[in-house]
Structure formats: structure tokens, C-alpha cells
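Every chain is numbered from 1, with letters handed out A, B, ... down the list of sequences. These figures come from a predicted structure and were not determined experimentally.
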Number of protein chains: 2
Amino acid sequence: MRQPAPAPDDDLKLSAWLPYRLFLVAAQVARPLEGFYGETFGLSQAGWRILAVIAERDGANASEIGRACALDPFAVSRGIGQLVELGFAVRRPGKTDRRFAAVSITRSGRNAFNRIAAFGSAIEARLLARLSEAERVTLDSTLHKLEAESARIDTGGWRSLLDNTAAS
Amino acid sequence: MRQPAPAPDDDLKLSAWLPYRLFLVAAQVARPLEGFYGETFGLSQAGWRILAVIAERDGANASEIGRACALDPFAVSRGIGQLVELGFAVRRPGKTDRRFAAVSITRSGRNAFNRIAAFGSAIEARLLARLSEAERVTLDSTLHKLEAESARIDTGGWRSLLDNTAAS
DNA sequence: CAATATACTTGCATACTGCAATTATCTATG
DNA sequence: CATAGATAATTGCAGTATGCAAGTATATTG
């Protein structure tokens with residue numbers, strides 16, 4: 001009654017499984033960044049992402065923001081609320097359609113963004129410094145392909161992945 | 001008093017920033033997988049990661065598990081608790097040192113793992129199918145480098161990244 | 001101008017996390 | 001061999017995040 005469990009039919013080694021490897025790098029890099037903007041500005045992850053979006057596209061509405069940084073409407077609303085509380089953003093009713101609130105970055109929001117962006121760029125630079133020029137180029141195109149395919153995988157939910165005959 | 005915010009000193013475009021791109025792919029791929037094992041087995045993300053570790057290394061103790069899947073001791077303890085409740089794992093005191101509880105996968109845990117692993121492998125296969133052989137090879141070595149560098153970035157906390165002169 | 005649709009927002013129940021304090025066990029020392 | 005101190009893991013609790021139903025404000029349509 002204590003025999004070892006049967007051998008694996010399908011071996012999946014976590015440390016060699018592509019999604020886990022991507023996750024690991026992302027998580028290890030996100031932790032110090034979150035520590036920085038969290039302790040320095042009291043910003044959450046959603047808050048930072050939204051700040052980055054409105055820094056680039058000032059006056060965006062909540063839907064656009066959500067699309068740009070992969071957040072659902074609830075998270076966007078709360079993140080904007082946080083930015084407004086911190087004085088990093090202001091909401092103003094849209095000019096033509098007042099259901100869409102245009103979110104604008106403030107001067108101090110811009111300052112915070114610049115400091116966080118510098119920190120983030122430094123991290124990115126450290127990562128890229130380990131790669132050859134050829135690897136950097138390949139990584140870029142590879143990531144574009146993975147982004148597109150993972151987006152396809154994500155939409156449609158997990159049930160659509162069970163009865164599969166790899167869609168082209 | 002309503003002039004547009006000053007132009008960016010340091011432009012960081014979220015969608016082109018390496019850490020975000022990695023995060024995005026990881027998140028888009030993790031969502032359907034989490035949906036699958038969550039709804040099918042009532043497993044949390046930590047539970048799945050731990051299950052994958054003990055499937056590969058049966059009888060590991062909590063510290064080893066934590067190291068293998070980047071979870072802190074609290075999360076490991078709770079995750080094991082969940083697996084035990086679900087009947088996917090058993091805890092047994094270590095043979096020599098009874099402070100170390102050896103965690104073993106059960107037959108039904110193995111079954112669950114195999115099904116989740118098949119699902120995970122299918123996702124990985126879909127991602128890899130989009131890449132050329134050369135890209136797959138380059139991605140592998142690139143990820144090894146990024147894993148190593150991100151681990152270095154992570155240890156030491158964010159403060160060590162401020163006063164930087166990129167350590168070799 | 002009611003009825004429906006859209007774009008958010010809020011409230012609340014649940015789940016997750018971080019950390020202090022505990023438990024159980026082992027090691028070292030007088 | 002008793003006792004003090006380390007170590008591995010667990011538990012309790014407080015704060016926080018998240019998911020979703022319901023609500024508010026605005027616009028559009030018949």
C-alpha cells in the first residue's frame with residue numbers, strides 16, 4: 001500500500017516549460033520594480049501600468065487604457081482612482097461623449113513616470129546587455145510571434161483548447 | 001493652468017518594454033491554463049506549481065519545493081495543504097530528520113498532473129509552432145541568460161539598482 | 001420620450017499575501 | 001542528559017487585491 005506512484009505518462013519539467021520560464025523572468029524583474037514604485041510613490045502594479053499608458057497617450061479613456069495594458073474595466077477604474085488620489089492624473093468628462101472620461105497625466109504624474117521609466121529602462125538595459133546583437137533582434141521578432149499566438153490562445157477560453165487540431 | 005503636461009524626458013513605451021512583453025505572453029498563456037486546472041481540480045497556481053515539482057521529484061521537502069518553483073515557505077505550506085485536501089499529495093515526516101516533511105504525490109495527484117501537463121504541453125506546442133527551428137534554439141539560450149540576469153536583479157532588492165554602474 | 005445600450009463605478013463577498021507568533025524537532029554545550 | 005538555541009514548517013490575523021452583481025450617468029433608438 002505504499003508503492004511509489006506510477007511513472008509519468010507526460011513529462012513536463014517546470015523549469016524547461018516555456019510559459020514558466022517566461023513567467024519566471026517577468027516575475028523576477030517585476031519584483032524590484034514594484035518595490036521601487038510601491039515604496040516610493042505608493043503605486044500599485046495597475047497604477048503603474050496606467051500611468052505608463054497615459055504618459056504615452058494623454059487623455060485616453062478607460063477602455064483604451066484597458067486595451068493598452070491588459071487590465072479589465074474594474075482594475076482600470078480603481079487604478080485611475082489611485083492615480084487621481086496621488087495627484088498623478090485627472091479625470092475630465094469627454095468633450096463629445098461625456099460617458100468617456102478622458103484621463104490626463106499631471107505634472108507630478110509625469111515626474112513620477114519619468115523616474116519609474118528610468119528605473120525600468122535600467123533593468124531592461126541590464127537584461128539586454130547579456131545578449132548579443134543577433135539575440136536581441138531574434139528575441140524581438142520571436143516575442144512578436146509569441147504575443148500574437150498567446151493572444152489567440154487567451155481569447156476563447158480554455159475549453160477551446162481541449163478539442164484541438166492545432167488551428168493554423 | 002491647463003497646459004499640456006511637459007514632454008517625456010525618458011520615453012518608455014510599455015508595449016515595447018521587454019519586461020512587459022515577457023509578462024504579457026506569460027499572463028495570456030497562464031490564464032487559460034489556470035482556468036483549466038482551477039475549474040477542473042480546484043487547484044490554485046501555487047498548488048499546480050508544487051504538484052509539478054513533486055511529480056518530477058517525489059518526496060521533496062518544503063524548502064526544496066520552494067526553491068524549485070519560486071514560492072516562499074508560507075505559500076508552499078498552504079499549497080501543500082491544498083494538495084493534501086484534494087488528495088493529490090501526502091505529507092510524511094522525513095526519515096532521518098522529522099522536521100522535514102517529505103511530500104509525495106498520490107496516484108490521483110499523478111493523474112491530475114498528467115492531464116494538466118498535457119494541456120500545458122499543448123499550449124507550449126502552439127507557441128513553438130509559430131517559431132522557426134533557429135528561433136527556438138536562440139530563444140532557449142536567450143532565456144537562460146535572461147533567467148540568470150533577472151535572478152541577479154531580483155536578489156539584493158531595488159535599492160541596489162539605484163546607485164548603479166552596471167555590474168559585470 | 002420611454003426603452004435600451006454603453007461606459008464606467010461602487011459595494012461586497014471571497015481569496016490571496018505578508019508577517020508575527022507557534023509548534024515540533026534537531027544540535028550543541030556544560 | 002537537561003537545557004539553550006537553531007531550524008523547518010505551520011497557523012493566525014490583518015491588510016489588500018479580485019471578481020462580479022448592482023448602480024449611476026450618459027447617449028442612442030424607435
Between A/Ser44 and A/Lys95, just flag the one whose closest nucleotide in DNA chain D comes earlier from the 5' side.
A/Ser44
Mind calculating the distance between CD1 (B/Ile65) and P (D/dA8) to the nearest angstrom?
14 Å
For a quick check of understanding: with a heavy-atom distance under 4.0 Å over all strands, which category does A/Ala46 fall into, base, sugar-phosphate or nothing?
nothing
Nearest-Å distance for atom pair CZ/C1', residues A/Arg92 and C/dC8:
18 Å
Between A/Ser77 and A/Arg99, whichever has its closest DNA chain C nucleotide further toward 5' is A/Arg99
Closer than 4.0 Å, any side-chain N/O of A/Asn61 to the OP1 or OP2 of C/dA7?
no
When you check the side-chain N and O atoms of B/Thr138 and A/Glu135, is any donor under 3.5 Å from an acceptor?
no
Parallel, tilted or perpendicular: which fits the ring planes of A/Trp17 and B/Trp48, with parallel below 30° and perpendicular above 60°?
perpendicular
Determine the interplanar angle of the B/Phe41 and B/Phe88 rings, folded into 0 to 90°, and report it as parallel if under 30°, tilted if 30 to 60°, perpendicular if over 60°.
perpendicular
Euclidean distance, atom CZ of residue A/Phe74 to atom P of C/dC12 [Å, nearest integer]:
16 Å
Nearest to the side chain of B/Arg78 - C/dT9, D/dG12, D/dT18?
D/dG12
Could you work out which one of C/dT9, C/dC19, D/dA8 sits closest to the side chain of B/Phe100?
D/dA8
Tell me which of B/Asp97 and A/Thr96 sits closer to the 5' end of DNA chain D, going by the nucleotide each one is nearest to.
B/Asp97
Going by atom types only, do B/Arg49 and B/Gln45 share a side-chain donor-acceptor pair under 3.5 Å?
yes
From CZ of B/Arg98 over to C1' of C/dA24, roughly how many Å is that when rounded to an integer?
9 Å
Is there a donor and acceptor pair, one atom on the side chain of B/Arg31 and one on the base of D/dG19, closer than 3.5 Å?
no
Taken to the nearest whole Å, CD/A/Glu85 to P/C/dT10 is 11 Å
Rounded to whole Å, please give me the gap between CZ in B/Arg91 and P in C/dA24.
14 Å
Which whole-number value in Å describes the distance from A/Leu71 CG to D/dC20 C1'?
17 Å
Taking only side-chain nitrogens and oxygens of B/Ser63, does any of them come within less than 4.0 Å of OP1 or OP2 of D/dA9?
yes
Taking atom types as modelled, find out whether B/Arg21 and B/Ser15 have a side-chain donor-acceptor pair closer than 3.5 angstrom.
no
Provide, to the nearest angstrom, the distance between the CG atom belonging to A/Asp72 and the C1' atom belonging to D/dA21.
14 Å
